[in-house]
Amino acid sequence: MCGIVGYIGEKDCADVLISALTKLEYRGYDSAGIAVFENGKIKVEKSKGALSDLVNKMRDDESKPNGTCGIGHTRWATHGEPSDINSHPHGNKRITIVHNGIIENYKQIKEFLMSQGYAFESQTDTETVAKLLDYYYNGDPFETITKVIGEIQGSYALGILFRDFPDRIFAVRKDSPLIVGIGKGENFIASDVPAILKYTRDYYLLEHDEIAVLKKSGVKVYDIHHEEIKKELQRANWDVDAAEKGGYEHFMLKEINEQPGAVRTTISPRISDGLINFSECGLTNAMLNSFKQIHIVGCGTAMHAGIVGQYLIESLARVPVIVDIASEFRYRKPIVSENDLVIFISQSGETADTLAALRLAKKCGAKTLSIVNVKGSSIARESDMVIYTHAGPEISVASTKAYSVQLSVMYLLAFQLSLAKGKITEEGCRLLVAQLQQIPSYIEASIKLMEQCQFVSSKLVNADSLLYIGRGLDYALSMEGSLKLKELSYIHSEAYAAGELKHGTISLISDGMPVIAVATQSELFEKTISNVIEVKSRGAFVIAICKETDDIGPDVADHVIKLPELNDIFMPIVTAIPLQLIAYYTAVLKGCNVDKPRNLAKSVTVE
Ligand code: M6R
């Protein structure tokens, strides 16, 4: 939530900040602002609304700051409504900051500062940090920052300008991500790599409470005792185009289309000689064999990938799996032992609840494995082992390609675990691996169903509410389909286990209510169809999704989408595509902001 950037160099700073913020708008779009040194003074421009509102405002008022050093912010509101006054940067003429995170003890600090004569303009927690910096400022930025981070509690990534030091930017972080981009004669701070890709691929990962001082000529990083730290330079392998729309109308559509490649790139480095090799992360077969129980933890789409993983692991490897929403896991006193493996799934690697759950699992002594897309993110760094998904940057708030690559790692894990537990032979494993390698071409075929999905969307666009139903893996997938539709189109929907309908939910069915029935599991097909008939006969408008060879007549469904014929276990990864496309086109038809749905942010770094 919230994205911060900073630039020092020779270019027009406001332009660089705006361009960098454009790449971080997925982190929040309630307001935007920049602060730039202009003739030795800090000039602030900020505005409620999207970044484009700020750009328009600066153009209309001819107020764009002119300088080469500054910081910027795009906000997802936590404390205080989205408004001009609550927009970042915050501070005064001598110290100005941008902040991503939450200051938990801001009320106490605010009360203290008010007792010292400070007046507050905004309702934000951030303003207390700006004022606390001002309170302690003694001409030495380093000492001041150290004092402040010793007092604030919570999470923060801060970019700080001191009027007395117009040739530098200060940055510090704890539990909110921050990288320091290293260019030639220019340097950057940013919440995420895509913000700096246009300018440089080289960056440092700032660790907790390390303080970075950026000048045009170079960057130094210190610990809180002012000892300089030698940082290892990281190189981003994402290309610049990866963070651009590349001719697509929306990032989401581009990312849906990128799925075949993303799955290929994620599975191929883990396959050698037709078998799976996890040596890169130190996950040996002996280790896999030793686990008595597995927990899978994540939020939203990532958690849904975990549910598919649960079905796969339990049915193939016969190891018990418990799936938890991270925000529940961390507070429900889960029973986790040293013999357990706890898997954390996260695209961003920064989700606050997932990170807290990871820390809890480590405390319980379990082995932790994360499946993460963003290299060097907090979850990746804090887990015992990490398997990176190679989806490239996912910009659209709604996860699509991240889900597919998470599923592909779930397949690899389930197969390897089955082999390690002696539930499948090496030959059997080879066969499954070979089938998995074919999946990208089936995803391509699935993407070609675009027009049919558009047609289905035209039937959903005026619905108030709809149901997704399925059994087994189809139910697991229905949850993801339903989430995608509601987050994008704001149409209420629920996913139900088809067999559960009769226990209450079927009373919701009324004339014309759309029901999306996912029926791709051969063993469960007949049973699911019986449930479909039950809703159809009560007036539902049924859209069925099944395999090519399945026969579903007009008496059962009003529209049928047929998918390529595959081994049942692989159906979720190809069925996800029409569900994503249906959600996408419905949102487009409704005129919703597809890449930035209301109230959401891509990276949820607060509880
Ligand atoms: O970065 P993460 O994978 O940890 O994010 C978890 C969820 O916030 C995320 O999957 C969210 O549900 C999706 N963006 C929804 O499409």
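One-based numbering, in listed order, for ligands and for the atoms of each.
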| Can you tell which part of Lys484 has a heavy atom less than 4.0 Å from ligand 1: side chain, backbone, both or neither? | side chain

| message | Give me the residue, atom name and distance of the protein heavy atom closest to atom 14 (N) of ligand 1. | response | Val397 O, 2.7 Å

| remark: ligand 1 atoms nearer than 4.0 angstrom to some heavy atom of Glu487 are 15 (C), 16 (O)

| task | Nearest 0.5 Å please: distance from the CD1 atom of Ile387 over to the CD1 atom of Ile371. | result | 5.5 Å

| note | protein heavy-atom neighbour closest to atom 1 (O) of ligand 1 works out as Ser348 OG, 2.6 Å

| query | Think Arg598 forms a cation-pi with Tyr490, using NZ or CZ under 6.0 Å from the six-ring centre and within 45 degrees of its axis? | reply | yes

| field | Shortest protein heavy-atom distance from atom 5 (O) of ligand 1, along with the residue and atom involved | value | Thr351 OG1, 3.5 Å

| Does an N or O anywhere in Gln406 fall below 3.5 Å from an N or O of ligand 1? | no

| request: Considering only non-hydrogen protein atoms, determine which one is nearest to atom 8 (O) of ligand 1 and report residue, atom name and distance to 0.1 Å. | output: Val604 CG2, 4.1 Å

| note | shortest atom 3 (O) of ligand 1-to-protein heavy-atom contact is with Gln347 N, 2.6 Å

| message | Assess whether a salt bridge exists between Arg359 and Asp175, defined as any Lys/Arg side-chain N lying under 4.0 Å from an Asp/Glu carboxylate O. | response | yes

| query | Taking the non-hydrogen atoms of His304, is any one of them nearer than 4.0 angstrom to ligand 1? | reply | no

| query | When the aromatic ring centroids of Tyr442 and Phe570 are compared, is their separation below 6.0 Å? | reply | no

| query | Are any side-chain N or O atoms of Lys602 and backbone N or O atoms of Ser396, one a donor and one an acceptor, separated by less than 3.5 Å? | reply | yes

| So which bit of Met303 gets within less than 4.0 Å of ligand 1, heavy atoms only: side chain, backbone, both or neither? | neither

| Is the shortest side-chain N to carboxylate O distance from Arg173 to Asp209 below 4.0 Å? | no

| task | State if Cys299 counts as touching ligand 1 under the rule of any non-hydrogen atom under 4.0 Å. | result | yes

| said: Quick check on contacts: which atoms of ligand 1 are under 4.0 angstrom from a heavy atom of Gly300? | reply: 12 (O)

| message | Is it the case that ligand 1 has an N or O less than 3.5 angstrom from some N or O of Ser346? | response | yes

| message | Suppose we measure from atom 13 (C) of ligand 1 to each protein heavy atom; which comes out shortest, and what is that distance? | response | Thr301 OG1, 3.6 Å

| field | NZ/NE/NH1/NH2 to OD/OE distance under 4.0 Å, Asp340 and Lys367 | value | no

| note | Closest non-hydrogen atoms of Leu206 and Ala212, given as atom of the first, atom of the second and distance, are CD1-CB, 3.9 Å

| message | In this structure, is the centre-to-centre distance between the rings of His559 and Phe455 below 6.0 Å? | response | yes

| request: Within a distance under 4.0 Å of any heavy atom of Ala302, pick out the atoms of ligand 1 and give their elements. | output: 3 (O), 10 (O)

| task | Using distance alone, with no hydrogens and no angle criterion, decide if Glu494 and Thr505 have a side-chain donor and acceptor under 3.5 Å apart. | result | no

